[in-house]
Amino acid sequence: TNFYVSKDKIYMAGKTGNGTYELIEKNKSGYLGVNVSSIGKEFGIETILINKKKGTFNYQASISVDGSKKIVKTDGLCDLYK
């Protein structure tokens with residue numbers, strides 16, 4: 001999985017998926033990005049936490065479909081281009 005961090009966004013591309021996330025936190029240790037969507041009664045939130053020191057990431061998604069919640073979690077290695 002590869003990430004590109006701009007001034008206010010994180011872009012992800014890889015086997016985990018592709019997406020654009022609002023950059024919420026940026027410091028020496030890493031980055032936190034969030035993507036939220038709402039369509040009708042369905043709601044979803046995705047978070048990306050990138051550890052710059054270890055070259056790892058944590059991806060979590062919570063999707064509410066038909067009143068039930070589904071949660072997806074993935075950890076992995078990443079290349080970070082700034």
Side-chain angles (χ1 to χ4, degrees):
T1 301
N2 295 300
F3 295 94
Y4 175 80
V5 180
S6 70
K7 184 177 180 180
D8 59 350
K9 302 243 189 245
I10 298 175
Y11 301 92
M12 177 181 76
K15 290 182 181 179
T16 306
N18 299 314
T20 304
Y21 303 84
E22 296 295 321
L23 185 58
I24 302 298
E25 179 66 32
K26 178 179 183 179
N27 60 42
K28 291 180 186 180
S29 298
Y31 304 101
L32 173 64
V34 175
N35 182 348
V36 177
S37 61
S38 178
I39 301 172
K41 294 181 179 181
E42 298 178 2
F43 176 81
I45 184 167
E46 297 175 296
T47 60
I48 295 275
L49 180 61
I50 300 171
N51 184 322
K52 290 183 350 183
K53 294 180 179 179
K54 294 181 180 179
T56 60
F57 74 94
N58 176 271
Y59 167 85
Q60 291 188 17
S62 176
I63 302 168
S64 175
V65 180
D66 298 328
S68 64
K69 280 189 179 178
K70 299 192 188 268
I71 297 176
V72 176
K73 296 180 182 181
T74 303
D75 295 313
L77 301 175
C78 64
D79 290 327
L80 184 64
Y81 299 98
K82 330 179 219 180

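Worth saying up front: this structure is predicted, and the values here are computed from it rather than measured.
Taking 4.5 Å as the limit, some side-chain heavy atom of Ile48 sits within range of a side-chain heavy atom of Met12. Contact annotation: the side chain of Tyr4 never approaches that of Ile10 to less than 4.5 Å [non-hydrogen atoms, C-beta and beyond]. When side chains are defined from C-beta on, Ser29 counts as touching Lys53, because their heavy atoms get closer than 4.5 Å. Two residues are said to be in side-chain contact when any heavy atoms from C-beta on lie closer than 4.5 Å; Phe3 and Ile50 meet this criterion.
Using bins of under 30°, 30° to 60° and over 60° for the plane-to-plane angle, the ring pair Tyr59/Tyr21 lands in the perpendicular bin.
From Asn58, atom CG reaches atom NZ of Lys73 across 8.0 Å, with rounding to the nearest 0.5 Å. One distance of note links CD of Glu42 with OG of Ser37; it measures 9.5 Å at 0.5 Å rounding. Distance OG1/Thr47 to CD/Gln60: 5.0 Å, rounded to 0.5 Å. Taken from NZ in Lys52 to NZ in Lys26, the straight-line distance is 7.5 Å, to the nearest 0.5 Å.
If you chain together ILVMFWY residues whose side-chain heavy atoms come under 4.5 Å of each other, Val36 ends up grouped with Ile24, Leu32, Val34, Phe43, Ile45, Leu49. Through ILVMFWY side-chain contacts below 4.5 Å, Ile71 is grouped with nothing and stands alone.
Nearest heavy-atom pair across Ala61 and Glu46 is CB-CG, 3.9 Å.
For Lys9, the NZ atom is densely surrounded, since the number of other residues' heavy atoms within 6.0 Å is greater than 12.
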Show your working on side-chain contact (heavy atoms from CB on, under 4.5 Å) between Leu23 and Tyr31 and close with a plain yes or no.
CA-CA 7 Å; Leu23 185 58; Tyr31 304 101; 3.9 Å; yes
